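I have placed the structure first, in the form of structure tokens, so that the comments after it can refer back to it.
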Amino acid sequence: MTFIAVPPVPEDVIDARLADMDRLGQRDYTEIGVPMFLVAEDLTGAAPPRPSHDGAGRVLAMLLAEDAEALRRRKPDLGAKDVARLIESLADRHFLSLATPAFSQSADLHPQGRAPAR
Amino acid sequence: MGKLRLPGTVDETLGAIVGGLAAGRVLRVVNFHATPSYRAAEYRAQIAAYAKLFAPITWENFDSAFDGTWSDPRPGLMPVLFEGFRDNLDVIVPILEEFGFKGWFFIPSAFPAVTPAVQRSYAKAHVLKLARKDEYPGERVAMTWEEAREMAARGHGFACHSRSHFDLKPDTPDHVLWDEIHTAANEMRAGIGWPVEIFCWLRGAEAGVNPRADAMLREAGFRYLFSNFKVQRLA
């Protein structure tokens with residue numbers, strides 16, 4: 001079996017992401033709308049929240065893990081604020097893109113609600 | 001951004017977030033605070049973009065947004081309006097309603113009843129950051145309870161943002177917790193007309209930062225705690 005791994009985030013990409021986090025942190029949070037992803041967690045001991053299967057969460061998880069490890073190469077001791085900045089940056093890049101429905105399920109593209117013919 | 005407190009290590013928090021995201025337990029929120037009229041066009045463009053992709057999370061379907069039984073093919077979206085500022089009602093609520101969304105007002109329960117003449121100094125003393133330009137000179141800057149009831153009647157959601165916009169610490173004494181939780185719950189109930197089930201601390205402390213506070217939140221009837229990275233079901 002071939003083990004397939006994604007290469008580490010290149011240094012220049014880390015530079016760009018750090019610059020992006022700095023840029024986002026300079027905004028006037030008092031007056032702007034800031035998109036964020038929150039994780040649902042059930043502490044009641046009852047049935048845990050049922051997962052959604054659209055795949056967006058898994059993509060976000062992989063991107064966040066990758067970003068965190070990349071940032072750790074520059075800053076070994078990550079703090080809570082770094083986690084907040086990482087998620088904020090992730091949301092800035094993917095809040096809209098990962099909300100787009102699958103091609104075959106897009107009502108705009110398929111007004112009859114049918115998948116495209118092969 | 002002030003000090004963010006975690007109940008454990010950063011790695012534990014990151015692990016919980018990555019695990020939750022990977023399982024698809026994701027809620028999408030957009031956080032607003034002051035919404036001055038000179039930014040109305042920006043808000044409108046933003047909400048219009050969201051309306052093409054997201055369905056509104058309302059107090060009626062919130063449980064399903066949380067527990068994964070959400071049935072709309074579009075992801076849900078919660079526009080969260082922090083602090084209870086008057087400009088939320090005047091500026092962004094009409095935009096949200098135009099596009100079919102419901103706002104979620106997270107308000108410190110003491111703020112609406114503060115005398116208008118001292119609302120600005122109250123805001124300054126309690127980290128309630130007003131818009132850079134004062135659009136209500138000489139007038140109140142907080143929403144009133146009457147307005148809150150009208151918003152609730154129109155389907156907008158409410159959450160308790162503590163009583164005084166309080167920054168929870170591990171050693172916050174019980175008598176302070178009681179005021180920030182129980183008194184706040186009572187003020188929200190009296191102000192809106194029914195209990196609210198969602199709570200959020202200033203700077204978003206999550207469960208575990210102060211276990212006495214967690215127990216008191218449950219005792220006061222709060223079912224959900226919003227924090228920096230999570231929405232936690234408490235009861």
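Only a predicted model underlies this, so the values are computations on that prediction, with no experimental measurement involved. A, B, ... follow the sequence lines: proteins, then strands. Residue 1 opens every chain.
- No side-chain donor-acceptor contact under 3.5 Å links Glu135(B) and Tyr38(B).
- Checked for salt-bridge contact, Arg17(A) and Asp20(A) miss the test: no charged N lies under 4.0 Å from a carboxylate O.
- Ranked by heavy-atom pairs under 4.5 Å with chain A, the first of Asp214(B), Leu14(B), Leu6(B) is Leu14(B).
- Taking the charged nitrogens against the carboxylate oxygens, Asp167(B) and Arg5(B) do have a contact shorter than 4.0 Å, which makes a salt bridge.
- Between Phe95(A) and Phe54(B), the ring planes are tilted. Angles from 30° to 60° get that label.
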Might you work through the salt bridge (charged side-chain N to carboxylate O under 4.0 Å, His left out) test for Asp11(B) and Arg72(A), ending with a clear yes or no? CA-CA 11 Å; Asp11(B) 280 356; Arg72(A) 213 189 288 272; 2.9 Å; yes
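- In plain terms, the two heavy atoms of Ile107(B) and Pro112(B) that are nearest each other are CD1-CG, 4.2 Å.
- Using cut-offs of 30° and 60° for the angle between ring planes, the His161(B) and His165(B) rings count as perpendicular.
- Of the atoms belonging to Ile17(B), heavy atoms from both backbone and side chain fall under 4.5 Å from chain A.
- Heavy-atom distances place the backbone of Leu130(B), and not its side chain, under 4.5 Å from chain A.
- If you measure heavy-atom distances from Leu53(B) to chain A, the contacts under 4.5 Å come from both the backbone and the side chain.
- Taking Glu206(B), Arg132(B), Arg218(B) one by one and counting their heavy-atom pairs under 4.5 Å with chain A, the maximum is reached by Arg132(B).
- For chain B, the option among Leu63(A), Leu86(A), Val59(A), Leu96(A) with the highest count of heavy-atom pairs below 4.5 Å is Leu96(A).
- Interface remark: Glu83(B) contributes no atoms to any contact with chain A (heavy atom separation under 4.5 Å).
- For Asp87(B), no part lies under 4.5 angstrom from a heavy atom of chain A.
- Ion pairing between a basic and an acidic side chain is recognised when a charged N comes within 4.0 Å of a carboxylate O; Asp22(A) and Arg85(A) show no such pairing.
- Interface residue Ala99(A): backbone and side-chain heavy atoms are both found under 4.5 Å from chain B.
- Across all non-hydrogen atoms, the minimal contact from Arg73(A) to Pro8(A) is NH1-CB, 3.8 Å.
- Ranked by non-hydrogen atom pairs under 4.5 Å with chain A, the options Val18(B), Ile92(B), Val29(B), Val10(B) are led by Val29(B).
- Using modelled atom types, one finds a donor on one side chain and an acceptor on the other under 3.5 Å when comparing Glu88(A) with Tyr29(A).
- Residue Arg74(B) does not touch chain A at all, counting heavy-atom pairs closer than 4.5 Å.
- Neither the backbone nor the side chain of Pro73(B) comes within contact range of chain A; no heavy atoms are under 4.5 Å apart.
- Interface residues of residues 221-235 of chain B toward chain A, defined by a heavy-atom distance below 4.5 Å and sorted by number: Phe226(B), Ser227(B), Asn228(B), Phe229(B), Lys230(B), Val231(B), Gln232(B), Arg233(B), Leu234(B), Ala235(B).
- There is a side-chain donor-acceptor pair under 3.5 Å between Asp67(B) and Thr69(B).
- Checked against a 6.0 Å centroid threshold, the rings of Phe32(B) and Phe85(B) do not count as neighbours.
- In this structure, chain A has a heavy atom under 4.5 Å from the side chain of Tyr50(B), while its backbone stays farther away.
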